[in-house]
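Comments concern the structure below.
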Amino acid sequence: MGVNIERLGPAAREQVLKELARRERLANAERRRQRAAAEKTPPGGQGSRLEEEYYRTFIWPKELAGQVARVERHRRFELLPPAEYCGLRLPAAHYTPDFVIEYVTGTVEAVEVKSHFTRTAQRDYIYRRRLFIELIARPKGWIFTEFIEGGG
């Protein structure tokens, strides 16, 4: 449904033209922002700098070689459901590896990428990791890889 602005008075026509120009500038700015963001995004998608480096170095070459059937980022696993005990509400416990890689051979690998600093700062990480390995990875026969940057 278009409006013929030629039928409008001079002041209204000027107002419409200014609004159309403003909208076009906003649309162009948004397109430039999206292009710039897309250029910065590596093939693996969104993640930390360290995750992107790991993806580019270890996963992307395997994908190009046809060894990988699927890569899933930040898949969340429930380790323990929410519960109550003695009047306490116990929240669910979750673990989210950075990558879950399914190879064409049927092998599945869960990968956790961390800096040494982050691993040390997240005190509960080692317990969530252990629960994930014992409750999910080991029973399913999955491989678990932990990549720690900067020592450890």
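Small disclaimer: the values here were computed from a predicted structure and weren't measured. The figures that follow rest on heavy atoms only: side chains count, while hydrogens, waters and symmetry mates do not.
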Please tell me whether [X] and [Y] are part of a single hydrophobic cluster in this structure, the criterion being side-chain heavy atoms less than 4.5 Å apart.
| X | Y | result |
| --- | --- | --- |
| Tyr85 | Leu80 | no |
| Leu79 | Leu90 | no |
| Leu17 | Leu26 | no |

Problem set entry | Cationic N near anionic O, under 4.0 Å, Arg56 to Glu52 |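 Salt bridge between Arg56 and Glu52, a charged N being under 4.0 Å from a carboxylate O: no.
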
For this session: Kindly confirm or rule out a cation-pi arrangement of Lys114 over Tyr125, judged by NZ or CZ under 6.0 Å from the six-membered ring centre and within 45° of its axis?
Result: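 The answer is yes, since Lys114 meets both limits relative to Tyr125.
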
Exercise. Is there a donor in the side chain of Ser115 and an acceptor in the side chain of Glu149, or the other way round, less than 3.5 Å apart?
Worked result: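 On atom types as modelled, these side chains do not qualify, holding no pair under 3.5 Å.
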
Problem set entry | Residue pair Glu112 / Tyr54, side-chain donor-acceptor N/O under 3.5 Å |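 No donor-acceptor contact under 3.5 Å links the two side chains.
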
For this session: Give a yes or no on this: more than 12 heavy atoms of other residues, nucleotides or ligands lie within 6.0 Å of atom CD of Gln15.
Result: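 Counting neighbours around CD of Gln15, 12 or fewer heavy atoms of other residues, nucleotides or ligands fall under 6.0 Å, so no.
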
For this session: Would you confirm whether the ring centroid of Tyr103 sits within less than 6.0 angstrom of the ring centroid of Trp142?
Result: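 No, the ring centres sit 6.0 Å or more apart.
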
Exercise. Taking the six-membered ring for Trp, are the ring centroids of Phe77 and Tyr95 within less than 6.0 Å of each other?
Worked result: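 No, the ring of Phe77 stays outside the 6.0 Å limit from the ring of Tyr95, centre to centre.
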
Problem set entry | Derivation of the side-chain contact (heavy atoms from CB on, under 4.5 Å) call for Tyr55 and Val113 | CA-CA 10 Å; Tyr55 178 86; Val113 179; over 6 Å; no

I need the [X] [atom1] to [Y] [atom2] distance, nearest 0.5 Å.
| X | Y | atom1 | atom2 | result |
| --- | --- | --- | --- | --- |
| Ile5 | Leu20 | CD1 | CG | 6.5 Å |
| Glu24 | Glu19 | CD | CD | 12.0 Å |
| Lys62 | Thr57 | NZ | OG1 | 11.0 Å |

For this session: Return each pair, listed once, that meets salt bridge (charged side-chain N to carboxylate O under 4.0 Å, His left out) where at least one residue sits in residues 78-91; pairs must be two or more places apart or across chains.
Result: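 Those involving residues 78-91 do not exist here.
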
Problem set entry | side-chain contact (heavy atoms from CB on, under 4.5 Å) assessment of Val108 paired with Ile101 | CA-CA 6 Å; Val108 177; Ile101 307 164; over 6 Å; no

Problem set entry | Which atom of Val68 lies closest to which atom of Val104, heavy atoms considered |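 Smallest interatomic distance, heavy atoms only, reads C-CG1, 4.1 Å.
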
Exercise. Got a sec, which residues hit salt bridge (Lys or Arg N to Asp or Glu O under 4.0 Å) with Arg70, two or more places apart in sequence or on another chain?
Worked result: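 Arg70: salt bridge (Lys or Arg N to Asp or Glu O under 4.0 Å) contacts with Glu72, Glu102.
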
For this session: Side-chain contact test, heavy atoms from C-beta onward, threshold under 4.5 Å: evaluate it for Val100 versus Val71 and give yes or no.
Result: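 No - every pair of side-chain heavy atoms lies 4.5 Å or more apart.
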
Problem set entry | Validation row: Glu109, Phe99 side chains within 4.5 angstrom (heavy atoms) |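 Glu109 does not reach Phe99 side chain to side chain.
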
For this session: Could you check Arg128 against His94 for side-chain contact (heavy atoms from CB on, under 4.5 Å), going step by step and ending with a plain yes or no?
Result: CA-CA 7 Å; Arg128 287 183 295 109; His94 298 94; over 6 Å; no

Could you list the donor-acceptor pairs under 3.5 angstrom formed between side-chain atoms of residues 130-141 and any protein atom two or more places apart in sequence or on another chain?
unit_1	atom_1	unit_2	atom_2	d
Arg130	NE	Glu134	OE2	3.2
Glu134	OE1	Arg138	NE	3.2
Glu134	OE2	Arg138	NH2	2.9

